[in-house]
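Below: one structure in structure tokens.
Every chain is numbered from 1 and lettered A, B, ... according to where its sequence line falls, protein lines coming before strand lines.
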2 protein chains.
Amino acid sequence: MILNHMVELQTPHLDAVFHALSDPTRRAMLHRLTIGEHSVSDLATPFRMSLAGASKHIKVLESAGLVRRRIEGRTHLCQLEAARLAEAQQWLSTYEKFWSARLDDLEAILREEDASIAGKPATPPLSNKVGE
Amino acid sequence: MILNHMVELQTPHLDAVFHALSDPTRRAMLHRLTIGEHSVSDLATPFRMSLAGASKHIKVLESAGLVRRRIEGRTHLCQLEAARLAEAQQWLSTYEKFWSARLDDLEAILREEDASIAGKPATPPLSNKVGE
DNA sequence: AAAACATTTAACCGAATGGTTGACCATTTT
DNA sequence: AAAATGGTCAACCATTCGGTTAAATGTTTT
């Protein structure tokens, strides 16, 4: 309903959003913003990077529509703006059936392996588990 | 369970995955692969681009783990490999509450507007709807 | 064996990316 | 008024990106 109305077919944003998300610094900044507003230098401190560098990252996030900036005196407060993330997730959701299909396959395989092991009591139990 | 086991904490992939998704050509290729395997030149044809160019895009998808290649004679068959998309979606899911929160806000606002309109029968009904 | 086909590789190009430093502009503090 | 603070802007740099063309590699067809 509301989601379809807002999101569908506006894929131009996706370029910018996915690009913004492709950098670990920016993802970390977004994560940081989940616990509330932060100033630019606040966001910058965790990273070994000049303030100007961090500022650039924030601008990338901003122009991807993932962050909103509110200027208060000399400090710029940044706020998470998650709507565009919803667009990204919606794009990804198209592919859900494909990975769930493969997970189903995987589960079937595991079940089969288990059955096979159960059916071969002669097989000596290994000290190491398979998945390691 | 299985998802957590496979996905959690391996964010290094995310750089590559999100970067791969940031290009519309590559997203279109992925979309194309949802209807089955395709050869490289097959994937390339829809785009105004040299084969070598398309080949590069496919390699980006491949090294992001989104496409698997199976060589059969002289043709390379590409197949969608969606598991890494699941990782991306899982990363995004952390932020779901934020956009749903905002959507709730929006809905609340809309409800309030409706109520406001309902409460002002003197307001002349407009010929154009708001959302246009 | 030669020709056609499917694809990659290599070399190149201009533009964008991620980073730096240094100068600049407001605002707040002293 | 001066100094300190919070931030941007501009210029620069090396690297990556998205694209090209031309040559090379391997397979299939003739």
Side-chain angles (χ1 to χ4, degrees), chain A residues 11-33 36-81 84 88, chain B residues 11-33 36-81:
Chain A
T11 55
H13 296 324
L14 286 180
D15 291 26
V17 169
F18 281 132
H19 170 248
L21 297 184
S22 74
D23 183 278
T25 301
R26 288 190 294 259
R27 287 200 305 277
M29 285 174 164
L30 283 184
H31 186 72
R32 194 101 178 289
L33 288 175
E37 266 187 348
H38 284 283
S39 73
V40 168
S41 42
D42 221 14
L43 280 175
T45 15
F47 308 101
R48 294 221 252 74
M49 192 185 303
S50 67
L51 182 62
S55 173
K56 274 189 179 180
H57 279 297
I58 293 172
K59 218 173 318 179
V60 170
L61 289 168
E62 204 180 0
S63 63
L66 297 176
V67 157
R68 231 176 11 184
R69 185 189 305 245
R70 183 170 59 90
I71 298 176
E72 194 146 295
R74 65 183 163 181
T75 89
H76 296 205
L77 283 318
C78 297
Q79 197 179 347
L80 181 61
E81 177 72 40
R84 294 277 166 82
Chain B
T11 55
H13 297 324
L14 286 180
D15 290 27
V17 169
F18 281 132
H19 170 247
L21 296 183
S22 74
D23 183 278
T25 301
R26 290 191 293 258
R27 287 200 304 277
M29 284 175 165
L30 283 184
H31 185 73
R32 194 99 177 290
L33 289 174
E37 266 187 347
H38 285 282
S39 73
V40 168
S41 42
D42 221 15
L43 279 175
T45 14
F47 308 101
R48 294 221 251 75
M49 191 185 302
S50 69
L51 183 61
S55 174
K56 273 189 178 181
H57 279 298
I58 293 171
K59 218 174 318 179
V60 171
L61 290 168
E62 205 181 1
S63 62
L66 297 176
V67 156
R68 230 176 12 184
R69 186 188 304 245
R70 182 170 58 89
I71 298 177
E72 194 146 294
R74 65 183 163 181
T75 91
H76 296 206
L77 282 319
C78 297
Q79 196 178 348
L80 180 62
E81 177 72 43

Does a nitrogen or oxygen in the side chain of H76(A) sit under 4.0 Å from OP1 or OP2 of dG6(D)?
no
With sugar-phosphate meaning primed atoms plus P, OP1 and OP2, does T75(B) contact a base, only sugar-phosphate, or nothing at under 4.0 Å between heavy atoms?
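Touches sugar-phosphate only.
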Watson-Crick or G-U stems of DNA chain C, 3 or more pairs, under 3.5 Å, by first number:
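If one scans DNA chain C for consecutive Watson-Crick or G-U pairs, the stems found are C:1-30 with D:1-30.
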SG/C78(A) to CD1/I71(A) distance, rounded to the nearest 0.5 angstrom?
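Here the interatomic distance stands at 9.5 Å.
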Think K59(A) has a side-chain N or O under 4.0 angstrom from the OP1 or OP2 of dC9(D)?
yes
Return the value, rounded to whole Å, for the distance between atom CD of E72(A) and atom P of dT27(C).
13 Å
For T45(B) and D42(B) the tightest heavy-atom approach is OG1-O, 2.7 Å
May I have the list of side-chain donor-acceptor pairs in residues 19-30 of chain B shorter than 3.5 Å, sequence neighbours left out?
residue, atom, partner, partner atom, Å
S22(B), OG, H19(B), O, 2.7
D23(B), OD1, T25(B), N, 2.8
D23(B), OD1, T25(B), OG1, 3.4
D23(B), OD1, R26(B), N, 3.2
R26(B), NE, A20(B), O, 2.9
R26(B), NH1, H57(B), ND1, 3.1
R26(B), NH2, H19(B), O, 3.2
R27(B), NH1, D15(A), OD1, 3.2
R27(B), NH1, L21(B), O, 2.7
R27(B), NH2, D15(A), OD1, 2.7

Please give, in whole Å, the distance from dC17(D) C1' to L61(B) CG?
14 Å
At under 4.0 Å between heavy atoms, what does S39(A) touch on the DNA or RNA strands: base, sugar-phosphate, or nothing?
sugar-phosphate
Provide, to the nearest angstrom, the distance between the CG atom belonging to D23(B) and the P atom belonging to dT17(C).
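After rounding, the gap between these two atoms is 12 Å.
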Spacing of F47(A) atom CZ relative to dG19(C) atom P, expressed in whole Å
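Checked: the CZ to P distance equals 10 Å.
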Residues A54(B) and A44(B): closest non-hydrogen pair is CB-CB, 3.4 Å
side-chain contact (heavy atoms from CB on, under 4.5 Å) filter on R74(A), not counting sequence neighbours, yields none
Within the distance-only criterion (no hydrogens, no angle test), does the side chain of S63(A) pair as donor or acceptor with the backbone N or O of K59(A) below 3.5 angstrom?
yes
Sugar-phosphate only, base, or nothing, as touched by G53(A) at under 4.0 Å among non-hydrogen atoms:
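Contact class for G53(A): base.
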Less than 4.0 angstrom between a side-chain N/O of S55(A) and OP1 or OP2 of dT8(D), yes or no?
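For dT8(D), OP1/OP2 do have a side-chain N/O of S55(A) under 4.0 Å.
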Rounded distance (Å) that lies between atom C1' of dT17(C) and atom CG of D15(B):
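Interatomic distance, CG of D15(B) to C1' of dT17(C): 14 Å.
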Taking 4.0 Å as the cut-off, does a side-chain nitrogen or oxygen of H57(A) come that near to OP1 or OP2 on dT17(C)?
no
Quickly work out the M29(B) CE to dG18(D) P distance and round it to whole Å.
12 Å
State whether S50(A) places a side-chain N or O below 4.0 Å from either non-bridging phosphate oxygen (OP1 or OP2) of dT21(C).
no
With respect to the side chain of K56(B), which nucleotide from dT8(D), dG19(D), dA22(D) is positioned closest?
dG19(D)
Let me spell it out: for each of A54(A) and L77(B), pick the nucleotide of DNA chain C with the closest heavy atom. Which residue's pick is nearer the 5' end?
L77(B)
Whole angstrom is fine here: how far is it from CD1 in I58(B) over to P in dG18(D)?
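Result: 14 Å.
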What's the closest nucleotide to the R69(B) side chain, out of dG18(C), dT8(C), dG7(D)?
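The listed nucleotide nearest to R69(B)'s side chain is dT8(C).
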Of H19(A) and G73(A), whose nearest nucleotide on DNA chain C comes first from the 5' end?
H19(A)
Can you say whether a donor on the side chain of R74(B) sits under 3.5 Å from an acceptor on the base of dT7(C), or the other way round?
no
Below the 4.0 Å mark, does dG18(C) have OP1 or OP2 next to a side-chain nitrogen or oxygen of R26(A)?
yes
Rounded to whole Å, please give me the gap between CG in L43(B) and P in dT8(C).
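My rounded result for the distance is 11 Å.
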Heavy-atom side-chain proximity of L33(A) to L43(A) below 4.5 angstrom
yes
With R69(B) as reference, evaluate E37(B), E62(B), E81(B) under the salt bridge (Lys or Arg N to Asp or Glu O under 4.0 Å) test and give the passing residue.
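The passing option is E62(B).
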